[in-house]
2 protein chains.
Amino acid sequence: MTDVATEPQRPEAEGRPAVEGRPAANGERASGALYRKVAADLREAITTGAYGEAGRLPAEGALAEQYGVSRGTVRQALALLRSDGLVTSRRGTRRVVLAGARVQSFSELLSFTHWAYSMGEEPGGILDSLVRRPADAAEREQLRLEPGAEVYVTVRLRTLSGTPVMVERTVYPPRVGEIVAELPPDVVSHTEVLREHGILFTDADHTIDVVAANAEDARLLGCRRGGPLLRERRRTTDPTGTPVEWSQDRYLPGTVAFSVHNSLATSALSRHAREMD
Amino acid sequence: MTDVATEPQRPEAEGRPAVEGRPAANGERASGALYRKVAADLREAITTGAYGEAGRLPAEGALAEQYGVSRGTVRQALALLRSDGLVTSRRGTRRVVLAGARVQSFSELLSFTHWAYSMGEEPGGILDSLVRRPADAAEREQLRLEPGAEVYVTVRLRTLSGTPVMVERTVYPPRVGEIVAELPPDVVSHTEVLREHGILFTDADHTIDVVAANAEDARLLGCRRGGPLLRERRRTTDPTGTPVEWSQDRYLPGTVAFSVHNSLATSALSRHAREMD
DNA sequence: CCGTCCAAGTTGACTAGCCAACTTCGCTGA
DNA sequence: TCAGCGAAGTTGGCTAGTCAACTTGGACGG
């Protein structure tokens, strides 16, 4: 991020480099937008403890001057931190640091492979089956397909450093499934390959609950049939809102926990009674 | 929301009522801010299907004119809808409707009582024990207490229309616990009472995983000891960032599922390997 | 010593406008 | 017929400023 690409329409740039109020102890990514750079910088300052455990952030105006941006841009950055649960924010008083750390989250949740790497483990994927067949009603509903459309269904055993962790059953619409079907069975990250083919994953709905292992689960994971599994069902869409996968992951107990932050301001989590299947 | 309280500093109000582009089919709440009213209105239009299943929203400019507000305000409203997973949003093209429905979520997750009512069920709470004792290290850490501080610990069996659903173990800091300890044992909603005492719940971190039932769980829920339970651990803070409760809820399988939306833009969910206890 | 009140500081909300980046679609030319 | 170009439409990003609502802490008075 060190230098800014375009130096956007600020009348006079008056020599002060944009976004440099803090040395920016590199290693950050933060795409083009200024407010993302400010956010990334503040995030790092917070997680390294520069403002203390429950310390106060500088005022918006002060940060704006420090980074050489407008207050609106600083507010965009702070909104990001807030939705991540890093800081509070209420009228009349400075923002207060909340948690101590927080991970990148989206890609980590989306891709088993990314998640594994972020923990320093080696991800693995053993393809158990891949079939192409007509979609049933539930699948057509979830993937928004026409009656008579076909889907590709994969079943994979996912491992961390060799030990079985999760069974992944994914239903792909034809456009996506055709690509997956061509893949060698030892490709670990389908997500990665699909991204290279221009299939983007940008939005996902997750539902988390407990189920009993069926015969296939038991065979693949080596657990008792009927034993408890943590289930995550996920429907993912691309930027246009078109569904690109409908997946059901079943984790062995003790291998994973899901973590969410929500607040009165930005919420996204809810609790349901059973529903959909 | 039908009428606007203050009609804020718009130079000339030129007779066009603010926020009235749509009849506003009443029943909405939406607090003071204009952008919240616009958001509530759009949310309803979307969920009632006014824009179709995967339809396109009007352009920001058009909405701004329709509601008689600036484009910035419309963008604030749309950001809310986006973080709820209702619409997509990318440069160059109109927003697209994503899901079909979505609940209010935050209060629903925070309070078992609210959740129950929102499903049309009768919530119940049977107090099993309430003790006051010195906080252990983990509790001091979570609630940010001084060494030597005391905590109040409650164990409650929660029911839906009479049937056991969940065991709730909550640790309160003294300030909050003193209020809870005074409550009659048949008070169903602690959250509600605390709110009346000025204890506000605004931010929460949740962690969801699977555990085996211990002896107490089995006794209260009537399940087998060692049987699977869905566990939700939650730390809640007030607007100043001060922790107000640390709770651990254990649900019987099949009674509940947690649901999350996330996207590249606004994320909050992540996946962990075990951790904290 | 303690409570009240006020002023300064701070965030929330909103407006108006600009430019850039991107998508879509129709038109044109090969 | 089809590919490519370009214009129009749309959202992302940013600035600058205004006013309102709220919090905090200190001065002051009882």
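Quick note: numbers below take in every heavy atom, side chains included, and nothing from hydrogens, waters or symmetry partners. Lettering of chains follows the sequences in order, A, B, ..., and the numbering in each one begins at 1.
Distances from the side chain of A:Q76 to the nucleotides D:dT11, D:dC14, C:dG12 place D:dC14 closest. Among the nucleotides D:dT11, C:dA13, D:dT15, the one closest to the side chain of A:S70 is D:dT15.
Test B:L57, B:L81, B:L86 against B:R95 for side chain to side chain contact (heavy atoms under 4.5 Å, CB included) and you get one pass: B:L57.
Between the side chains of B:H261 and B:D84, no donor N or O sits under 3.5 Å from an acceptor N or O.
Under the 4.0 Å criterion applied to side-chain N and carboxylate O atoms, A:R36 and A:D41 are not assigned as salt-bridge partners. Under a 4.0 Å N-O distance rule, the pair B:R140/B:E146 does not qualify as a salt bridge. Between A:R75 and A:E60, at least one side-chain nitrogen of the basic residue sits less than 4.0 Å from a carboxylate oxygen of the acidic one, meeting the salt-bridge criterion.
Counting to the nearest Å, the C1' atom of D:dG9 and the CG atom of B:L63 are 15 Å from each other. Going from atom CD of B:E65 over to atom C1' of C:dT15 covers 15 Å, rounded to whole Å. Taking atom CG of residue A:L34 and atom C1' of nucleotide C:dC18, one finds them 15 Å apart after rounding to whole Å. Atom OH of A:Y35 is separated from atom P of D:dT11 by 16 Å (rounded to the nearest Å). Distance, A:Y67 OH to D:dT15 P: 14 Å, rounded to whole Å. Straight-line distance from the CZ atom of A:R95 to the C1' atom of D:dT23: 14 Å, rounded to whole Å. At whole-Å resolution of the value, CD in B:E60 and P in C:dG17 are 16 Å apart.
Not counting sequence neighbours, the partners of A:T73 by the side chain to side chain contact (heavy atoms under 4.5 Å, CB included) test are A:L34, A:Y35, A:V69, A:S70.
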Between protein and nucleotides 22-26 of chain C, what N or O pairs are separated by less than 3.5 Å?
unit_1	atom_1	unit_2	atom_2	d
C:dT23	O4'	B:G92	O	3.4
C:dT24	OP1	B:R90	NH2	3.0

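The environment of CD in B:E192 is crowded: more than 12 heavy-atom neighbours from other residues, nucleotides or ligands sit within 6.0 Å. Atom CD of A:E196 sits in a crowded spot, with more than 12 heavy atoms from other residues, nucleotides or ligands closer than 6.0 Å.
Nucleic acid contact class of B:R71 (heavy atoms, under 4.0 Å, all strands): base. Contact annotation for B:R75: base contact, defined as any heavy-atom pair under 4.0 Å involving a base atom.
Between B:T73 and C:dA13 there is no side-chain N or O to OP1 or OP2 distance below 4.0 Å. For B:R94, no side-chain nitrogen or oxygen approaches OP1 or OP2 of D:dA8 to under 4.0 Å.
With hydrogens and angles disregarded, a donor-acceptor distance shorter than 3.5 Å links the side chain of B:R144 to the backbone of B:G241.
Secondary-structure stems of DNA chain D, taken as three or more successive Watson-Crick or G-U wobble pairs (i with j, i+1 with j-1) under a 3.5 Å distance threshold, comprise C:1-30 with D:1-30.
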